[in-house]
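Report on the structure given below.
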Amino acid sequence: MNVHHSTNIHTSAIVEKGAIIGKNCTVGPFCYLGSEVVLSENTTLISHVSITGDTLIGENTKIWPFASIGHDPQDLKFSGEKTKLIIGQNNKIRESVSINPGTTGGGGVTLIGDNCLFMLGSHVAHDCQIGNNVVIANNGSIAGHVTIKDNVTIGGLSGIHQFCRIGEGAMIGAVTMVTKDVIPYGMIIGDRSALAGINLIGLKRRGFSNKEILEFQKDYDELFNGIGNLREKAEKIAYSTDRILTKQVSEFILADSSRKIVTPFRS
């Protein structure tokens, strides 16, 4: 066990030999740390937190009671092989959150970015790739092999199907089931999700101008409400514009994926 002298470990906590704990960390009552766990500096485990496996927790991360981090993936094919979980800096992991490591079939690593908030009861399954500034609200559930880009918000009680991609800046409404890929800056709602427009609030928060947003809205309407095949329209737009948001969405649509794209409901 390699523990910095400035770290505070409660007497009821269990820290296995081999664990590495950086400076100014706090390991609260009844926490458990496995032998391969690394806590970077200024990490706080409030109490009753269980972390195991080959798991790295980044600096300034705070984890609330009853979180389960790095335990075996919920994948019937998993048989104890060596895999990883890497969690970035400045994350907040609230009560009863579960985050699983990767599997060999999915690349072996679950990766969480920086400055994310995982609210109570949310779940991130094996082999997910989660970007920066992502918010998953209470009891949101992310299945295996999902990619979520930066600045995404997922509403409470929502579910993301395995292998889906969620583009940058997208907003998933509460109690939404996502079974297809979500375009960057899309606004998604429904028990079987539909595209309800662009995430205007998210775009404004990111600092895009009214002119940029209006141009993007026009291109969005052409893509999703105009006549013709979506992929063909995306190809046409991708090669005919230099507008950042529009090119990002077009390239997302044209990228290889095992899932279709979420589109608007048709009357």
Side-chain angles (χ1 to χ4, degrees), residues 1-74 78 80 82-103 108-142 144 146 148 152-154 156:
M1 183 169 64
N2 184 353
V3 180
H4 194 273
H5 64 82
S6 62
T7 281
N8 180 17
I9 301 177
H10 194 273
T11 55
S12 65
I14 297 174
V15 180
E16 299 284 359
K17 183 179 180 181
I20 300 173
I21 304 178
K23 65 181 180 180
N24 298 321
C25 290
T26 299
V27 180
F30 302 104
C31 291
Y32 170 78
L33 299 180
S35 61
E36 297 180 282
V37 172
V38 177
L39 297 187
S40 301
E41 61 182 71
N42 299 314
T43 294
T44 299
L45 313 182
I46 293 180
S47 74
H48 299 84
V49 175
S50 181
I51 307 178
T52 190
D54 188 352
T55 299
L56 169 64
I57 308 292
E59 297 178 6
N60 302 309
T61 291
K62 189 173 184 178
I63 307 179
W64 273 257
F66 304 107
S68 173
I69 311 296
H71 288 266
D72 288 356
Q74 299 175 82
F78 182 77
K82 179 80 169 174
T83 58
K84 292 178 177 289
L85 168 61
I86 300 173
I87 296 176
Q89 302 177 3
N90 305 312
N91 289 295
K92 293 180 174 60
I93 301 173
R94 296 300 310 231
E95 297 84 351
S96 301
V97 168
S98 58
I99 304 176
N100 295 150
T103 64
V109 180
T110 299
L111 183 62
I112 309 290
D114 302 333
N115 304 303
C116 297
L117 170 58
F118 301 90
M119 295 189 193
L120 180 147
S122 56
H123 171 67
V124 178
H126 57 88
D127 303 296
C128 288
Q129 309 291 302
I130 310 294
N132 304 315
N133 307 304
V134 170
V135 175
I136 303 177
N138 293 8
N139 297 298
S141 187
I142 315 302
V146 168
I148 299 178
V152 168
T153 299
I154 297 176

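No side-chain heavy atom of T43 sits under 4.5 Å from any side-chain heavy atom of V27. Considering only heavy atoms from C-beta on, V15 stays 4.5 Å or farther from Y32 through its side chain. Counting only heavy atoms from C-beta outward, the side chains of N132 and V134 never approach each other to under 4.5 Å. The shortest distance between side-chain heavy atoms of H123 and N100 falls below 4.5 Å. The shortest side-chain heavy-atom distance between I9 and T26 does not fall under the 4.5 Å cut-off. Side-chain contact between F30 and S47 is absent, with no heavy-atom pair separated by less than 4.5 Å. Side chains of I69 and T52 form no contact here, defined as non-hydrogen atoms less than 4.5 Å apart. No side-chain heavy atom of T110 sits under 4.5 Å from any side-chain heavy atom of I87.
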task: For I130 and V152, run side-chain contact (heavy atoms from CB on, under 4.5 Å): C-alpha distance rounded to whole Å, both residues' side-chain angles, the deciding distance at 0.1 Å, then the answer.
output: CA-CA 9 Å; I130 310 294; V152 168; over 6 Å; no
query: For H71 and S50, what are the C-alpha separation, side-chain angles and deciding distance, and is it a side chain to side chain donor-acceptor pair (under 3.5 Å)?
result: CA-CA 8 Å; H71 288 266; S50 181; 2.8 Å; yes
task: Would you sort out whether I20 and E36 count as a side-chain contact (heavy atoms from CB on, under 4.5 Å), showing the intermediate values?
output: CA-CA 8 Å; I20 300 173; E36 297 180 282; over 6 Å; no
query: Yes or no on side-chain contact (heavy atoms from CB on, under 4.5 Å) for K82 and D54, after CA distance, side-chain angles and deciding distance?
result: CA-CA 8 Å; K82 179 80 169 174; D54 188 352; 3.6 Å; yes
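Partners of K23 under the salt bridge (charged side-chain N to carboxylate O under 4.0 Å, His left out) rule, at least two apart in sequence or in another chain, do not exist in this structure. With sequence neighbours left out, F78 forms a ring-ring contact (aromatic ring centres under 6.0 Å, His included) with no residue at all. Applying the salt bridge (charged side-chain N to carboxylate O under 4.0 Å, His left out) criterion to D114, with sequence neighbours excluded, gives no partner residue.
Rounding to the nearest 0.5 Å gives a distance of 7.0 Å between CG of N24 and NE2 of H4. With rounding to the nearest 0.5 angstrom, the CG atom of L117 is 10.0 Å from the CD1 atom of I93. Distance CD1/I57 to CG/N91: 8.5 Å, rounded to 0.5 Å. Rounding to the nearest 0.5 angstrom, the gap separating the NE2 atom in H126 from the OG1 atom in T83 is 10.5 Å. Here the OG1-CG distance, from T7 to N2, works out to 10.0 Å after rounding to the nearest 0.5 Å. The distance from the CG atom of L85 to the CD1 atom of I99 is 6.5 Å, given to the nearest 0.5 Å.
The two residues R94 and A67 make their nearest non-hydrogen contact at O-CB, 4.2 Å. In terms of heavy atoms, G88 sits closest to T61 at O-OG1, 3.3 Å. Across all non-hydrogen atoms, the minimal contact from G34 to A19 is O-CB, 3.4 Å. Residues C25 and S40 come closest through the heavy atom pair SG-O, 3.1 Å. Residues S122 and A137 come closest through the heavy atom pair CB-O, 4.0 Å. Listed here is the closest heavy atom pair of M119 and V97: O-CG2, 3.3 Å.
Under 3.5 Å, the side chains of D127 and T103 contain a donor-acceptor pair of N or O atoms.
The one candidate from I86, L56, T55 that meets the side-chain contact (heavy atoms from CB on, under 4.5 Å) condition with V38 is L56.
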